[in-house]
Amino acid sequence: MRLRHIAAAAVLALGLTAVSATPALAANILSNPGFESDLASWTCTASSGAQAVTTPVHSGAKALQATPAGSDTGRCQQVISVKPSSSYTLSAWVRGGYVFLGALGTGTTDVSTWTSSPSAYRQLSTSFTTGASTTSVTVYVNSWYGQGAYQADDVVLDGPPGTPPPDDTTPPTVPGNLAVGGATQSSLSVSWSASTDNSGTIARYELSRDGGAPTSVTGTSTTVGGLTAKTTYRFKVRACDGSGNCSAYTAEVPGTTTESGGGGGQLPKRVMVGYLHASFANGSGYIRMADVPNEWDVINLAFGEPTSVTSGDIRFRLCPAAECPNVESEADFIAAIRAKQAAGKKVLISIGGQNGQVQLTSAGARDAFVSSVGAIIDRYGLDGLDIDFEGHSLYLNSGDTNLSNPTTPVIVNLISALRTLKARYGSRFVLTMAPETFFVQLGYQFYGPGPSGASDNRSASYLPVIHAMRNDLTLLHVQDYNSGPIMGLDNQYHTMGTHDFHVAMTDMLLAGFPIRGDTANVFPALRQDQVAIGLPAAPWAGNGFTTVAEVQKAFDCLAKGTNCGPYRPRGVYPNLRGLMTWSINWDKYNSFEFSRSHRAYLNALG
């Protein structure tokens with residue numbers, strides 16, 4: 001899509017290993033692996049309601065049951081001594097909608113695997129080799145944000161036992177920089193700096209609200225939900241190590257929930273969305289943030305890109321001076337963002353693009369995505385996030401056909417990450433997406449590899465993500481360019497570059513459509529205010545450039561029911577939100593034809 005050098009991306013699918021039913025191994029070095037002693041030796045997040053239950057179990061008398069709550073995945077974990085440079089196999093029997101099993105702190109590559117088996121126990125297995133100086137690892141099991149209860153039983157870590165550390169009576173250091181923010185009417189985000197411990201391992205943090213019983217947190221941030229609007233709460237946190245030693249609590253820090261929600265980022269009725277080449281020049285010239293024209297309501301910074309395809313670690317930097325001689329300093333860039341926001345504009349970080357292949361194949365990659373994207377948003381004070389995954393970032397595994405309950409890891413983990421970020425930043429957080437037609441409207445004919453496995457597994461793979469996030473999605477602006485012919489709801493193929501293509505593609509989003517023609521499996525219509533039409537700003541910006549007159553004919557047809565061509569939409573959509581373009585830079589290169597013409601047109605619509 002983006003006119004940059006195409007980079008090859010390796011598709012790395014997370015494999016699930018089916019293991020035959022065998023007794024627990026004698027080499028198992030975990031304590032209380034079957035939860036026969038309730039939760040002894042296991043640490044579970046307090047809000048998960050974790051307990052040992054007598055049914056359903058895989059073997060023995062008891063099994064673990066936990067339920068995710070809010071942004072909590074319902075994690076239970078155990079820190080276990082291991083030998084350096086040694087091989088281990090980790091397995092567990094699990095039951096639930098989505099259940100993950102993994103190991104952290106291996107010293108090499110942290111591992112995880114998952115399954116969806118809501119009605120019967122299924123065994124998961126993975127393996128790892130410890131690093132040369134690794135003496136302990138954290139084994140964990142958890143579910144997925146927003147899911148119901150899960151069970152786990154007969155957890156096995158098979159490998160040589162390590163040397164237990166000597167008796168430890170030294171508590172960790174007190175966490176630093178406790179901060180409360182991200183207020184919504186029902187939640188607050190709480191974060192702090194990591195503690196250190198003489199053992200080298202922090203087992204958990206304990207967060208107390210208003211002096212109450214603490215909640216266990218495995219990272220250095222969490223979102224506390226279920227709060228009352230326009231109410232002040234006070235938080236403190238402490239760190240605990242694997243030997244049960246806990247630091248003193250921090251001083252309390254207050255936070256206040258908002259009176260009401262933010263209304264989808266408080267955008268105007270008609271919006272213009274433009275991508276700004278902030279990290280590269282792309283032949284169209286660099287534009288300083290301060291010089292972005294006033295016509296644009298949403299400015300997407302292109303692009304945040306991953307350190308590797310599957311790392312989930314997203315980085316963003318301003319265009320190097322060697323490529324963009326007129327690039328501003330970071331301080332000036334941030335000041336210009338503040339000025340745009342003061343004028344009512346929204347500035348987002350866009351993740352992906354043509355070169356930015358992002359595959360969240362594991363829970364670790366998911367968590368890295370949340371952490372690194374949050375760091376970019378916080379560093380620049382941004383209003384939200386645009387997802388522009390292309391190429392091989394998203395795909396559907398064989399058998400993954402349920403729109404509402406996807407099972408492919410790259411889909412499941414992206415949805416989880418977006419929900420976590422939305423919960424962290426609250427109702428004012430702006431979330432937009434810019435998929436290609438191949439990943440959305442093609443779903444009328446194809447969805448993943450299909451029953452025979454012969455179709456492209458990327459077909460319509462954005463649909464479950466859009467569907468899962470539809471209540472939090474501010475704007476969807478599908479790229480109506482760089483597209484092959486796509487079949488519309490009239491069962492005719494439509495070709496990019498004409499108003500009819502935009503009418504047909506947009507109508508599918510606003511009317512809904514059966515996936516693969518199956519009327520029992522429908523992608524429901526989006527709200528009119530959630531949809532904008534995606535276009536190239538100039539003939540050089542992408543294949544499928546559409547003239548100003550043709551674009552406005554398409555908008556007339558959709559919003560007013562006039563100026564329609566051969567394709568007749570299923571309805572009239574007076575609240576169609578606006579237009580998106582690649583890009584602000586190419587628009588300037590083309591003498592601002594796109595922004596000036598279409599801004600005047602949208603303003604006249606009212």
Side-chain angles (χ1 to χ4, degrees), residues 1-4 265 267-268 270-305 316-319 323-328 332-341 343-356 380 382-388 430 432-434 474-475 477-482 532-542 544-546 548 551 577-603:
M1 160 198 158
R2 315 304 189 200
L3 299 182
R4 305 175 66 187
L267 288 167
R270 308 289 185 189
V271 298
M272 293 267 290
V273 181
Y275 287 79
L276 181 69
H277 307 180
S279 62
F280 59 96
N282 199 24
S284 58
Y286 183 82
I287 299 176
R288 294 184 175 214
M289 174 60 70
D291 297 330
V292 172
N294 192 52
E295 282 82 0
W296 303 101
D297 302 296
V298 180
I299 303 164
N300 289 335
L301 304 180
F303 288 105
E305 298 182 352
F316 171 78
R317 63 168 190 168
L318 286 175
C319 184
E323 185 178 354
C324 304
N326 61 324
V327 64
E328 69 266 56
D332 287 345
F333 182 71
I334 292 173
I337 290 174
R338 297 293 174 275
K340 294 297 181 187
Q341 292 168 326
K345 312 302 181 183
K346 305 298 179 184
V347 185
L348 318 182
I349 181 65
S350 181
I351 307 299
Q354 179 175 278
N355 288 358
Y380 295 98
L382 304 179
D383 297 288
L385 170 65
D386 173 69
I387 297 296
D388 188 12
V430 179
T432 67
M433 298 182 191
T474 309
L475 283 173
H477 29 65
V478 174
Q479 302 171 30
D480 284 2
Y481 51 99
N482 292 346
I533 302 173
L535 304 150
W540 315 279
F545 173 74
T546 311
V548 168
V551 172
R577 201 63 182 271
L579 301 171
M580 172 276 278
T581 195
W582 176 259
S583 65
I584 294 172
N585 305 61
W586 281 114
D587 181 46
K588 179 182 179 182
Y589 191 89
N590 199 34
S591 303
F592 301 107
E593 179 189 58
F594 188 100
S595 57
R596 292 175 180 172
S597 300
H598 293 315
R599 180 78 272 169
Y601 169 81
L602 292 177
N603 288 347

Query raised in the report: Would the number of heavy atoms belonging to other residues, nucleotides or ligands and lying under 6.0 Å from NZ of Lys588 be above 12?
Result: no

Query - Any donor-acceptor pair under 3.5 Å from Gln479 side chain to Ala434 backbone - result: yes

Query raised in the report: Can any side-chain N or O of Thr474 pair as donor or acceptor with the backbone N or O of Thr432 at less than 3.5 Å?
Result: no

Query raised in the report: Would a distance-only check, ignoring hydrogens and angles, find a side-chain to backbone donor-acceptor pair under 3.5 Å from Glu328 to Met289?
Result: yes

**Report entry** ring pair (Phe, Tyr, Trp, His ring centres under 6.0 Å) involving Phe592 - partner list, sequence neighbours excluded
**Finding:** none

Query raised in the report: Would you say the side-chain atoms of Asp388 and Tyr275 include a donor-acceptor pair closer than 3.5 Å?
Result: no

Report task. May I ask you to decide if Ala538's main-chain N or O and Asn590's side chain share a donor-acceptor pair within less than 3.5 Å? Result -> no

Query raised in the report: If you look at every heavy atom in Ile349 and Gly304, which pair is closest and at what distance?
Result: CD1-N, 3.8 Å

Query raised in the report: Quick one: does Asp383's side chain have a donor or acceptor within less than 3.5 Å of a partner on Leu348's backbone?
Result: no

Report task. Just jot down the side-chain hydrogen bond (donor to acceptor under 3.5 Å, both in side chains) partners of Asp480, sequence neighbours excluded, or say none. Result -> His502

**Report entry** Plane angle bin for Phe280 and His277 - parallel if under 30°, tilted between 30 and 60°, otherwise perpendicular
**Finding:** parallel

Query - Pairs meeting criterion salt bridge (charged side-chain N to carboxylate O under 4.0 Å, His left out) with involvement of residues 276-291, two or more places apart - result: none

Requested in this report: Anything under 30° is parallel, anything over 60° is perpendicular, the rest tilted; go ahead and classify Trp582 against Phe303.
Outcome: parallel

Query raised in the report: Would you find more than 12 non-hydrogen atoms of other residues, nucleotides or ligands less than 6.0 Å from Arg317 atom CZ?
Result: no

Requested in this report: Mind running side chain to side chain contact (heavy atoms under 4.5 Å, CB included) on Ile533 and Val551 for me, showing each step along the way?
Outcome: CA-CA 9 Å; Ile533 302 173; Val551 172; 5.9 Å; no

Query raised in the report: Checking Thr581 side chain against Gly274 main chain: does a donor-acceptor pair fall under 3.5 Å?
Result: no

